[in-house]
Amino acid sequence: MFDRGRRNLLSRRRTPALPRMPWIVDEDTFVDNCTRCNKCLSACETEIIVKGDGGFPTVDFNRGECTFCTLCAQACPESLFRPTTESAWDVKAQVNQQCLAQNNVECRSCGDMCEVQAIRFKLQAGGVAQPAFELDICNGCGACVATCPTSAITMVTSQQEEK
Ligand code: SF4
Ligand code: SF4
Ligand code: SF4
């Protein structure tokens with residue numbers, strides 16, 4: 001039996017910037033009902049689910065990408081995932097000034113990793129080609145994150161992107 005006082009304490013933790021996993025219900029429902037059984041961790045085919053704050057599962061794109069295999073949702077014995085026929089999440093890639101190309105050093109590593117070709121490199125007169133992230137195409141898989149040699153790519157929600 002999970003201690004209610006402890007659960008309430010944990011539920012007051014800072015809401016993570018990103019959804020913890022694809023297809024999860026809202027954060028409050030998740031923290032209230034996840035038993036931290038770790039079945040999603042064991043099921044994840046790319047092993048990107050780790051124990052986050054309070055021991056609750058969360059994806060870590062520094063470990064790799066989400067393939068949207070749905071195994072985490074299938075493994076969960078609770079009602080914490082939306083139907084996997086729905087959109088997985090509203091997560092997009094964002095590049096910052098640590099990008100080598102932005103500092104005039106040739107690099108296309110992220111573009112090579114992006115299966116859906118959401119990263120286009122635009123040639124610049126007198127400089128190296130610059131990555132442009134097409135957010136309408138990006139599905140938030142995170143494959144570009146770990147491949148970036150300068151950790152210039154972070155994942156954000158569309159709302160965060162607009163700020
Ligand atoms: S959908 Fe698959 S790859 Fe993505 S977090 Fe879930 S188990 Fe891991
Ligand atoms: S992999 Fe990183 S450094 Fe290289 S172009 Fe992409 S964002 Fe820039
Ligand atoms: S998160 Fe995935 S789909 Fe989006 S730009 Fe990176 S590799 Fe491409």
Side-chain angles (χ1 to χ4, degrees), residues 16-27 30 33-53 55-124 127-162:
L18 294 176
R20 294 175 175 277
M21 284 181 282
W23 297 289
I24 67 155
V25 293
D26 61 278
E27 173 68 10
F30 190 86
N33 295 284
C34 171
T35 61
R36 298 177 291 177
C37 66
N38 292 335
K39 287 185 175 159
C40 53
L41 268 82
S42 307
C44 181
E45 65 175 18
T46 53
E47 300 182 353
I48 62 168
I49 303 176
V50 298
K51 291 183 187 186
D53 273 358
F56 291 103
T58 189
V59 296
D60 178 359
F61 292 115
N62 292 311
R63 296 169 62 93
E65 68 188 284
C66 176
T67 58
F68 304 107
C69 67
T70 77
L71 291 176
C72 49
Q74 291 179 48
C76 181
E78 310 296 330
S79 300
L80 296 177
F81 289 79
R82 294 180 284 108
T84 54
T85 48
E86 295 180 5
S87 168
W89 50 19
D90 178 30
V91 172
K92 306 286 177 188
Q94 186 177 58
V95 66
N96 64 38
Q97 292 169 343
Q98 287 167 226
C99 167
L100 289 175
Q102 288 188 29
N103 291 284
N104 224 23
V105 178
E106 179 72 38
C107 176
R108 298 191 183 210
S109 299
C110 53
D112 293 342
M113 286 300 288
C114 183
E115 261 185 34
V116 296
Q117 298 188 320
I119 309 170
R120 313 262 172 180
F121 278 81
K122 298 190 172 167
L123 291 172
Q124 303 281 312
V128 305
Q130 298 293 311
F133 287 67
E134 298 199 18
L135 301 182
D136 290 348
I137 300 174
C138 173
N139 59 19
C141 72
C144 51
V145 172
T147 197
C148 177
T150 57
S151 304
I153 302 171
T154 50
M155 304 304 292
V156 297
T157 64
S158 290
Q159 271 179 328
Q160 292 166 328
E161 187 89 32
E162 285 163 8

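We number each residue from 1, following the sequence as shown. For ligands, and for the atoms within them, numbers begin at 1 and follow the listed sequence.
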Heavy-atom closest pair, residues [X] and [Y]:
{"X": "T157", "Y": "A17", "value": "CG2-O, 3.7 Å"}
{"X": "C114", "Y": "I119", "value": "CB-CD1, 4.0 Å"}
{"X": "F133", "Y": "C110", "value": "CZ-SG, 4.4 Å"}

What atoms in ligand 3 come closer than 4.0 Å to a heavy atom of [X]?
{"X": "M155", "answer": "1 (S)"}
{"X": "V116", "answer": "3 (S)"}
{"X": "I119", "answer": "5 (S)"}
{"X": "G142", "answer": "1 (S), 2 (Fe)"}

Is it the case that over 12 heavy atoms from other parts of the model lie below 6.0 angstrom from the [atom1] atom of [X]?
{"X": "E106", "atom1": "CD", "value": "yes"}
{"X": "Q97", "atom1": "CD", "value": "no"}
{"X": "Q98", "atom1": "CD", "value": "yes"}

* To do: Give every protein N, O or S atom lying under 2.8 Å from atom 2 (Fe) of ligand 1, naming each by residue and atom.
  =>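 C69 SG, with waters left out.
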Identity and distance of the protein heavy atom lying nearest [atom]:
{"atom": "atom 4 (Fe) of ligand 2", "value": "C107 SG, 2.3 Å"}
{"atom": "atom 6 (Fe) of ligand 3", "value": "C144 SG, 2.3 Å"}
{"atom": "atom 3 (S) of ligand 2", "value": "L100 N, 3.1 Å"}
{"atom": "atom 1 (S) of ligand 2", "value": "C110 N, 3.3 Å"}

Taking the side chain as every heavy atom from C-beta outward, state whether [X] and [Y] have any pair of such atoms under 4.5 Å apart.
{"X": "V128", "Y": "Q130", "value": "yes"}
{"X": "M155", "Y": "V145", "value": "yes"}
{"X": "D60", "Y": "I48", "value": "no"}
{"X": "L80", "Y": "M21", "value": "no"}
{"X": "C148", "Y": "L100", "value": "no"}

* **E78 vs T35, side-chain contact (heavy atoms from CB on, under 4.5 Å): CA-CA, chis, key distance, verdict** => CA-CA 8 Å; E78 310 296 330; T35 61; 3.8 Å; yes
* **ligand 2 atoms in contact with S109 (distance to a heavy atom under 4.0 Å)** =>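 Within the 4.0 Å cut-off of S109, ligand 2 contributes 1 (S).
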* Asked: With a cut-off of 4.0 Å, which atoms of ligand 2 are near a heavy atom of V95?
  ->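 Every atom of ligand 2 under 4.0 Å from some heavy atom of V95: 7 (S).
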* Asked: Which is it for F121 and C107 under the side-chain contact (heavy atoms from CB on, under 4.5 Å) test, yes or no, and what are the steps along the way?
  -> CA-CA 10 Å; F121 278 81; C107 176; over 6 Å; no
* Do any N/O/S atoms of C99 come under 2.8 Å of atom 6 (Fe) of ligand 2? ->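 Under 2.8 Å: C99 has no N, O or S contact with atom 6 (Fe) of ligand 2.
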* Closest by any non-hydrogen atom to atom 2 (Fe) of ligand 3: pick that one out of C141, C138, C114. =>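 That would be C141.
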* Between I153 and ligand 2, which part of the residue brings a heavy atom under 4.0 Å of the ligand: side chain, backbone, both or neither? ->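 Answer for I153: side chain.
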* **T150 contact mode with ligand 2 (heavy-atom cut-off under 4.0 Å)** =>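 Side chain only.
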